[in-house]
Amino acid sequence: MKKRIAVIPGDGIGVEVIAEAVKVIHASGAVVETTQFDWGANRYLADGVTVPADGFRMLGRDFDAILVGAFGDPRVPSNIHAKEILLGMRFQMDLYANVRPVRLLDASLCPLKGVEPKDVDFVVIRENTEGSYTDAGGVFKHGTPDEIAIQEDINTRKGVERIIRYAFDYCERHTKSDGTQRKQVLMSDKSNAMTHAGGLWQRVFKEVGEEYPQITSQHMFIDALCMQIVRDPRQFDVIVTNNMFGDIVTDLAASLQGGLGMAASGNIRPEKTSMFEPVHGSAPLIAGENIANPFGAILTGAMMLNHLGIANESGKIEAAVLEAVRQKKTTQDIGGSLSTQQAGDWVAKHLG
Ligand code: ATP
(Lines give C-alpha, C1' and ligand atoms only; values in the text may rest on other atoms or scores of the structure.)
Protein backbone atom coordinates (compact mmCIF):
# COMPACT_ATOMS: atom_id res chain seq x y z
CA MET A 1 0.00 0.00 0.00
CA LYS A 2 1.14 3.52 -0.79
CA LYS A 3 2.75 5.08 2.27
CA ARG A 4 1.65 8.63 3.07
CA ILE A 5 4.36 11.09 4.04
CA ALA A 6 3.81 14.57 5.47
CA VAL A 7 6.61 16.91 4.41
CA ILE A 8 7.34 19.99 6.54
CA PRO A 9 10.43 21.73 5.12
CA GLY A 10 10.29 24.59 7.68
CA ASP A 11 12.83 27.40 7.48
CA GLY A 12 16.21 28.34 6.05
CA ILE A 13 18.21 25.52 4.51
CA GLY A 14 15.50 23.09 5.68
CA VAL A 15 13.50 24.15 2.62
CA GLU A 16 16.44 23.64 0.26
CA VAL A 17 17.60 20.26 1.52
CA ILE A 18 14.13 18.75 1.90
CA ALA A 19 13.34 19.62 -1.73
CA GLU A 20 16.32 17.43 -2.70
CA ALA A 21 15.33 14.64 -0.31
CA VAL A 22 11.79 14.52 -1.73
CA LYS A 23 13.15 14.56 -5.28
CA VAL A 24 15.43 11.61 -4.52
CA ILE A 25 12.71 9.64 -2.71
CA HIS A 26 10.43 9.90 -5.75
CA ALA A 27 13.28 9.12 -8.15
CA SER A 28 14.07 5.95 -6.16
CA GLY A 29 10.73 4.47 -7.18
CA ALA A 30 9.47 4.25 -3.59
CA VAL A 31 5.70 3.91 -3.61
CA VAL A 32 4.86 6.93 -1.47
CA GLU A 33 2.61 9.93 -1.62
CA THR A 34 4.01 13.20 -0.23
CA THR A 35 1.95 16.12 1.06
CA GLN A 36 3.63 19.45 1.83
CA PHE A 37 2.83 21.63 4.84
CA ASP A 38 3.89 25.27 5.21
CA TRP A 39 4.45 25.28 8.98
CA GLY A 40 7.38 27.55 9.77
CA ALA A 41 8.48 31.15 10.21
CA ASN A 42 6.78 32.56 7.07
CA ARG A 43 3.44 31.13 8.06
CA TYR A 44 3.86 32.31 11.65
CA LEU A 45 4.77 35.84 10.56
CA ALA A 46 1.83 35.92 8.14
CA ASP A 47 -0.98 34.69 10.37
CA GLY A 48 0.45 34.00 13.83
CA VAL A 49 -0.09 30.24 13.51
CA THR A 50 2.69 27.87 14.51
CA VAL A 51 0.76 24.59 14.55
CA PRO A 52 -2.76 24.65 13.05
CA ALA A 53 -5.57 23.46 15.33
CA ASP A 54 -5.52 19.69 15.67
CA GLY A 55 -2.27 19.63 13.64
CA PHE A 56 -0.43 16.91 15.53
CA ARG A 57 -3.50 14.70 15.71
CA MET A 58 -3.96 15.11 11.95
CA LEU A 59 -0.33 14.07 11.33
CA GLY A 60 -0.71 10.97 13.48
CA ARG A 61 -4.03 10.04 11.89
CA ASP A 62 -3.44 10.75 8.21
CA PHE A 63 0.25 9.94 7.68
CA ASP A 64 2.63 7.02 8.03
CA ALA A 65 5.68 9.25 8.56
CA ILE A 66 6.72 12.90 8.69
CA LEU A 67 9.78 14.35 6.94
CA VAL A 68 10.93 17.61 8.50
CA GLY A 69 13.62 20.13 7.45
CA ALA A 70 14.58 22.63 10.15
CA PHE A 71 13.07 25.51 12.08
CA GLY A 72 14.66 28.80 13.08
CA ASP A 73 14.56 32.24 11.51
CA PRO A 74 16.23 35.49 12.62
CA ARG A 75 12.91 37.30 12.10
CA VAL A 76 11.45 35.29 14.99
CA PRO A 77 14.00 35.89 17.75
CA SER A 78 11.92 34.09 20.37
CA ASN A 79 12.03 30.96 18.22
CA ILE A 80 8.51 30.29 19.43
CA HIS A 81 7.44 28.60 16.20
CA ALA A 82 10.42 26.22 16.28
CA LYS A 83 9.64 25.32 19.86
CA GLU A 84 5.95 24.77 19.26
CA ILE A 85 6.36 22.80 16.06
CA LEU A 86 9.46 20.70 16.72
CA LEU A 87 9.36 20.20 20.47
CA GLY A 88 5.55 20.08 20.24
CA MET A 89 5.77 17.23 17.76
CA ARG A 90 8.30 15.34 19.86
CA PHE A 91 6.42 15.78 23.12
CA GLN A 92 2.77 15.64 22.01
CA MET A 93 3.22 12.78 19.56
CA ASP A 94 5.42 11.12 22.20
CA LEU A 95 8.28 10.48 19.74
CA TYR A 96 10.45 9.25 22.55
CA ALA A 97 13.41 7.70 20.76
CA ASN A 98 15.70 10.00 18.81
CA VAL A 99 17.81 7.67 16.69
CA ARG A 100 20.97 9.19 15.24
CA PRO A 101 23.22 6.90 13.19
CA VAL A 102 26.86 7.97 13.07
CA ARG A 103 28.45 6.43 10.02
CA LEU A 104 31.53 7.55 8.13
CA LEU A 105 31.05 7.10 4.37
CA ASP A 106 34.56 7.97 3.24
CA ALA A 107 37.85 8.42 5.12
CA SER A 108 38.30 11.87 3.53
CA LEU A 109 35.33 13.21 5.51
CA CYS A 110 36.74 12.40 8.95
CA PRO A 111 38.98 14.90 10.75
CA LEU A 112 40.63 12.09 12.75
CA LYS A 113 43.89 10.67 11.45
CA GLY A 114 43.92 7.10 10.13
CA VAL A 115 40.22 6.47 10.66
CA GLU A 116 38.48 4.30 8.07
CA PRO A 117 34.72 4.07 7.34
CA LYS A 118 34.52 0.74 9.17
CA ASP A 119 35.80 2.47 12.33
CA VAL A 120 32.86 4.87 12.63
CA ASP A 121 29.58 2.96 12.58
CA PHE A 122 27.56 3.49 15.74
CA VAL A 123 24.12 4.77 16.69
CA VAL A 124 23.15 7.23 19.40
CA ILE A 125 19.70 6.68 20.92
CA ARG A 126 18.74 9.91 22.63
CA GLU A 127 15.80 10.19 25.03
CA ASN A 128 13.54 12.72 23.35
CA THR A 129 10.67 13.67 25.66
CA GLU A 130 12.11 14.35 29.11
CA GLY A 131 15.30 15.58 30.74
CA SER A 132 16.14 19.27 30.72
CA TYR A 133 14.10 20.09 27.62
CA THR A 134 10.60 19.99 29.09
CA ASP A 135 10.78 23.68 30.04
CA ALA A 136 9.99 22.85 33.66
CA GLY A 137 11.35 25.40 36.08
CA GLY A 138 11.14 29.13 36.41
CA VAL A 139 12.78 32.40 37.19
CA PHE A 140 12.34 34.33 40.41
CA LYS A 141 13.25 38.02 40.86
CA HIS A 142 13.97 38.29 37.14
CA GLY A 143 16.60 40.84 36.16
CA THR A 144 17.61 41.68 39.74
CA PRO A 145 20.89 40.88 41.47
CA ASP A 146 18.94 38.27 43.46
CA GLU A 147 17.64 36.46 40.39
CA ILE A 148 17.15 32.71 40.68
CA ALA A 149 16.81 30.48 37.58
CA ILE A 150 15.76 26.89 37.99
CA GLN A 151 15.82 24.41 35.07
CA GLU A 152 14.40 21.08 36.07
CA ASP A 153 15.76 17.78 34.76
CA ILE A 154 12.80 15.39 34.49
CA ASN A 155 13.52 11.65 34.56
CA THR A 156 10.58 9.29 34.95
CA ARG A 157 10.88 5.58 35.56
CA LYS A 158 8.65 4.98 32.53
CA GLY A 159 10.64 7.33 30.29
CA VAL A 160 14.05 5.98 31.29
CA GLU A 161 12.95 2.37 31.02
CA ARG A 162 11.38 2.66 27.59
CA ILE A 163 14.38 4.44 26.02
CA ILE A 164 16.83 1.93 27.49
CA ARG A 165 14.65 -0.95 26.32
CA TYR A 166 14.44 0.67 22.89
CA ALA A 167 18.25 0.75 22.74
CA PHE A 168 18.55 -2.97 23.56
CA ASP A 169 15.78 -3.85 21.08
CA TYR A 170 17.48 -1.71 18.45
CA CYS A 171 20.78 -3.47 19.09
CA GLU A 172 19.11 -6.86 18.79
CA ARG A 173 17.39 -5.98 15.49
CA HIS A 174 20.21 -4.19 13.67
CA THR A 175 23.47 -5.00 11.97
CA LYS A 176 26.41 -2.74 11.24
CA SER A 177 26.90 -1.64 7.66
CA ASP A 178 29.35 -4.54 7.11
CA GLY A 179 26.51 -6.96 7.96
CA THR A 180 27.78 -8.03 11.40
CA GLN A 181 25.31 -8.10 14.27
CA ARG A 182 25.32 -5.17 16.68
CA LYS A 183 26.14 -6.46 20.14
CA GLN A 184 26.89 -3.76 22.68
CA VAL A 185 24.76 -1.09 24.39
CA LEU A 186 26.57 1.66 26.26
CA MET A 187 24.62 3.91 28.62
CA SER A 188 26.10 7.32 29.30
CA ASP A 189 25.17 9.66 32.15
CA LYS A 190 26.77 11.87 34.76
CA SER A 191 25.70 9.81 37.74
CA ASN A 192 28.82 10.69 39.71
CA ALA A 193 27.63 14.31 39.96
CA MET A 194 23.90 14.15 39.16
CA THR A 195 23.17 11.34 41.56
CA HIS A 196 19.36 11.33 41.68
CA ALA A 197 18.67 11.07 37.96
CA GLY A 198 21.86 9.10 37.38
CA GLY A 199 20.89 6.60 40.05
CA LEU A 200 17.60 5.89 38.29
CA TRP A 201 19.34 5.48 34.92
CA GLN A 202 21.93 3.14 36.48
CA ARG A 203 19.35 0.90 38.16
CA VAL A 204 17.09 0.67 35.14
CA PHE A 205 19.99 0.03 32.78
CA LYS A 206 21.15 -2.87 34.92
CA GLU A 207 17.66 -4.35 35.20
CA VAL A 208 16.78 -4.08 31.52
CA GLY A 209 20.23 -5.23 30.45
CA GLU A 210 19.75 -8.51 32.33
CA GLU A 211 16.86 -9.31 29.97
CA TYR A 212 19.32 -9.25 27.04
CA PRO A 213 22.14 -11.60 28.05
CA GLN A 214 23.44 -11.82 24.48
CA ILE A 215 24.12 -8.05 24.45
CA THR A 216 27.06 -6.52 26.32
CA SER A 217 26.12 -3.69 28.68
CA GLN A 218 28.63 -0.93 29.24
CA HIS A 219 28.69 2.42 30.98
CA MET A 220 30.66 5.63 30.53
CA PHE A 221 30.28 9.06 32.08
CA ILE A 222 29.33 11.58 29.42
CA ASP A 223 32.58 13.54 29.67
CA ALA A 224 34.61 10.35 29.23
CA LEU A 225 32.38 9.37 26.31
CA CYS A 226 33.14 12.65 24.51
CA MET A 227 36.84 12.04 24.94
CA GLN A 228 36.65 8.41 23.80
CA ILE A 229 34.52 9.19 20.73
CA VAL A 230 37.35 11.37 19.47
CA ARG A 231 40.14 9.09 20.70
CA ASP A 232 38.80 5.80 19.34
CA PRO A 233 35.31 5.70 17.76
CA ARG A 234 35.76 1.99 16.95
CA GLN A 235 34.71 0.94 20.45
CA PHE A 236 31.07 2.11 20.08
CA ASP A 237 28.03 0.27 18.81
CA VAL A 238 24.74 1.51 20.36
CA ILE A 239 24.86 4.43 22.81
CA VAL A 240 21.84 5.40 24.90
CA THR A 241 21.68 8.65 26.84
CA ASN A 242 19.39 11.42 28.00
CA ASN A 243 17.97 14.30 26.01
CA MET A 244 20.64 16.93 26.61
CA PHE A 245 23.70 14.66 26.55
CA GLY A 246 22.34 13.07 23.35
CA ASP A 247 21.90 16.48 21.75
CA ILE A 248 25.47 17.48 22.52
CA VAL A 249 27.24 14.21 21.81
CA THR A 250 25.58 13.82 18.40
CA ASP A 251 26.92 17.17 17.20
CA LEU A 252 30.37 15.96 18.22
CA ALA A 253 29.75 12.63 16.55
CA ALA A 254 28.48 14.35 13.38
CA SER A 255 31.91 15.90 12.98
CA LEU A 256 33.34 12.36 12.56
CA GLN A 257 31.10 11.78 9.55
CA GLY A 258 31.76 15.02 7.68
CA GLY A 259 29.89 17.59 9.71
CA LEU A 260 26.30 18.49 10.41
CA GLY A 261 25.39 18.40 6.74
CA MET A 262 25.83 14.61 6.67
CA ALA A 263 23.89 13.54 9.76
CA ALA A 264 20.43 11.96 9.69
CA SER A 265 17.95 11.28 12.47
CA GLY A 266 14.62 9.72 13.29
CA ASN A 267 12.22 10.66 16.08
CA ILE A 268 10.52 7.36 16.70
CA ARG A 269 7.50 6.11 18.53
CA PRO A 270 7.27 2.42 17.75
CA GLU A 271 4.10 1.42 15.87
CA LYS A 272 3.01 5.05 15.47
CA THR A 273 3.64 7.86 13.01
CA SER A 274 7.28 8.86 13.46
CA MET A 275 9.20 11.91 12.32
CA PHE A 276 12.51 12.10 10.46
CA GLU A 277 14.80 15.15 10.20
CA PRO A 278 18.41 15.96 9.40
CA VAL A 279 20.42 16.70 12.55
CA HIS A 280 21.40 20.19 11.41
CA GLY A 281 19.34 23.33 12.01
CA SER A 282 18.12 26.02 9.63
CA ALA A 283 21.61 27.59 9.29
CA PRO A 284 20.37 31.14 8.51
CA LEU A 285 23.90 32.24 7.56
CA ILE A 286 23.93 30.06 4.44
CA ALA A 287 20.19 29.88 3.75
CA GLY A 288 19.03 30.77 0.23
CA GLU A 289 22.47 30.37 -1.32
CA ASN A 290 21.98 26.90 -2.76
CA ILE A 291 25.16 25.68 -1.01
CA ALA A 292 23.73 23.65 1.88
CA ASN A 293 24.67 19.98 1.89
CA PRO A 294 21.50 17.97 1.13
CA PHE A 295 23.00 14.56 2.00
CA GLY A 296 21.94 14.60 5.67
CA ALA A 297 18.37 15.22 4.52
CA ILE A 298 18.60 12.65 1.73
CA LEU A 299 19.99 10.03 4.14
CA THR A 300 17.18 10.98 6.51
CA GLY A 301 14.75 10.19 3.69
CA ALA A 302 16.42 6.80 3.25
CA MET A 303 16.17 6.14 6.98
CA MET A 304 12.46 6.99 6.85
CA LEU A 305 11.85 4.63 3.92
CA ASN A 306 13.65 1.84 5.74
CA HIS A 307 11.50 2.46 8.81
CA LEU A 308 8.41 2.18 6.59
CA GLY A 309 9.61 -1.16 5.25
CA ILE A 310 10.67 0.24 1.88
CA ALA A 311 14.14 -1.22 2.29
CA ASN A 312 15.17 -1.73 -1.32
CA GLU A 313 14.71 1.92 -2.34
CA SER A 314 16.27 3.05 0.93
CA GLY A 315 19.36 0.98 0.16
CA LYS A 316 19.57 2.42 -3.35
CA ILE A 317 19.55 5.96 -1.97
CA GLU A 318 22.26 5.19 0.59
CA ALA A 319 24.41 3.57 -2.09
CA ALA A 320 24.05 6.58 -4.40
CA VAL A 321 25.02 9.01 -1.63
CA LEU A 322 28.04 6.83 -0.84
CA GLU A 323 29.05 6.92 -4.49
CA ALA A 324 28.58 10.71 -4.65
CA VAL A 325 30.87 11.12 -1.65
CA ARG A 326 33.49 8.81 -3.16
CA GLN A 327 33.40 10.70 -6.47
CA LYS A 328 33.32 14.12 -4.73
CA LYS A 329 29.98 14.96 -6.34
CA THR A 330 29.17 16.98 -3.24
CA THR A 331 28.64 20.45 -1.89
CA GLN A 332 31.64 22.48 -0.79
CA ASP A 333 31.37 21.78 2.96
CA ILE A 334 32.63 18.25 2.30
CA GLY A 335 35.08 19.08 -0.43
CA GLY A 336 33.06 19.17 -3.66
CA SER A 337 31.92 22.06 -5.82
CA LEU A 338 28.25 21.27 -6.52
CA SER A 339 25.27 23.34 -5.46
CA THR A 340 22.56 21.88 -3.22
CA GLN A 341 20.40 21.15 -6.26
CA GLN A 342 23.22 19.70 -8.34
CA ALA A 343 24.21 17.34 -5.51
CA GLY A 344 20.58 16.23 -5.18
CA ASP A 345 20.29 15.78 -8.96
CA TRP A 346 23.46 13.67 -9.03
CA VAL A 347 22.09 11.30 -6.40
CA ALA A 348 18.68 11.15 -8.11
CA LYS A 349 20.36 10.18 -11.39
CA HIS A 350 22.59 7.48 -9.85
CA LEU A 351 20.08 5.35 -8.01
CA GLY A 352 21.39 2.05 -9.28
P1 ATP B 1 20.13 25.14 15.46
O2 ATP B 1 20.25 26.00 16.66
O3 ATP B 1 18.73 24.81 15.08
O4 ATP B 1 20.99 23.89 15.53
P5 ATP B 1 22.03 26.73 13.96
O6 ATP B 1 21.89 27.61 12.78
O7 ATP B 1 22.62 27.27 15.19
O8 ATP B 1 20.64 26.01 14.21
P9 ATP B 1 22.88 24.71 12.31
O10 ATP B 1 21.78 25.16 11.45
O11 ATP B 1 22.83 23.30 12.70
O12 ATP B 1 22.94 25.53 13.60
O13 ATP B 1 24.23 25.03 11.58
C14 ATP B 1 25.42 25.51 12.18
C15 ATP B 1 26.42 25.69 11.06
O16 ATP B 1 26.78 24.41 10.52
C17 ATP B 1 25.85 26.47 9.88
O18 ATP B 1 26.00 27.85 10.02
C19 ATP B 1 26.65 25.91 8.71
O20 ATP B 1 27.89 26.56 8.62
C21 ATP B 1 26.89 24.47 9.12
N22 ATP B 1 25.86 23.60 8.53
C23 ATP B 1 24.78 23.05 9.13
N24 ATP B 1 24.08 22.32 8.29
C25 ATP B 1 24.70 22.39 7.09
C26 ATP B 1 24.45 21.83 5.79
N27 ATP B 1 23.39 21.05 5.54
N28 ATP B 1 25.32 22.13 4.81
C29 ATP B 1 26.39 22.89 5.02
N30 ATP B 1 26.68 23.45 6.20
C31 ATP B 1 25.85 23.20 7.24
Side-chain angles (χ1 to χ4, degrees), residues 8-24 39-41 44 50 67-90 98 100-103 105-106 108-111 124 126 128 132-133 135 243-265 267 275-303 317 321 324-325 328-347:
I8 312 178
D11 306 328
I13 65 168
V15 177
E16 297 164 65
V17 298
I18 289 299
E20 301 313 309
V22 170
K23 176 163 73 189
V24 169
W39 306 3
Y44 173 66
T50 55
L67 182 63
V68 160
F71 299 96
D73 186 304
R75 295 170 301 163
V76 187
S78 68
N79 226 14
I80 176 77
H81 69 299
K83 209 167 172 180
E84 291 192 2
I85 299 170
L86 203 56
L87 294 187
M89 215 181 293
R90 286 179 184 164
N98 191 341
R100 297 185 161 189
V102 182
R103 185 180 161 207
L105 295 184
D106 191 80
S108 66
L109 299 185
C110 188
V124 179
R126 163 190 174 193
N128 218 19
S132 315
Y133 291 16
D135 217 17
N243 205 337
M244 184 168 71
F245 295 154
D247 189 4
I248 296 169
V249 90
T250 51
D251 264 32
L252 173 70
S255 67
L256 301 187
Q257 49 183 152
L260 282 172
M262 293 300 292
S265 83
N267 297 262
M275 183 267 275
F276 297 80
E277 55 171 342
V279 170
H280 64 76
S282 61
L285 288 176
I286 59 166
E289 293 184 31
N290 197 16
I291 58 169
N293 183 349
F295 289 175
I298 292 172
L299 291 169
T300 298
M303 189 179 176
I317 295 173
V321 171
V325 169
K328 290 262 176 290
K329 303 294 182 190
T330 71
T331 46
Q332 58 200 31
D333 56 306
I334 52 168
S337 58
L338 301 187
S339 69
T340 306
Q341 276 178 354
Q342 287 169 334
D345 284 342
W346 197 94
V347 172

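We count ligands from 1, going down the list as the structure has it; atoms in each ligand are counted the same way.
Of all the heavy atoms of Ile13, the ones lying under 4.0 Å from any atom of ligand 1 belong exclusively to the side chain.
In terms of protein heavy atoms, atom 14 (C) of ligand 1 is closest to Leu260 CD1, 4.1 Å. The closest protein non-hydrogen atom to atom 10 (O) of ligand 1 is Ala283 N, 2.8 Å.
Considering only non-hydrogen atoms, atom 24 (N) of ligand 1 lies nearest to His280 out of His280, Glu16, Met262. When Gly281, Gly296, Pro278 are checked for heavy-atom proximity to atom 9 (P) of ligand 1, Gly281 turns out nearest. Compare Ile286, Leu86, Asn293 by their heavy atoms: the one nearest to atom 30 (N) of ligand 1 is in Ile286.
Taking a distance limit of 4.0 Å, we find that atom 2 (O) of ligand 1 is approached by no protein heavy atom. The nearest protein heavy atom to atom 17 (C) of ligand 1 is closer than 4.0 Å. The protein does not reach atom 5 (P) of ligand 1 closely, with no heavy atom under 4.0 angstrom from it.
Atoms of ligand 1 lying under 4.0 Å from any heavy atom of Pro284, numbered from 1 in the order shown and given with element: 6 (O). For ligand 1, the atoms closer than 4.0 angstrom to any heavy atom of Ser282 are 10 (O). Listed by number with element, the atoms of ligand 1 under 4.0 angstrom from any heavy atom of Ala292 are 28 (N).
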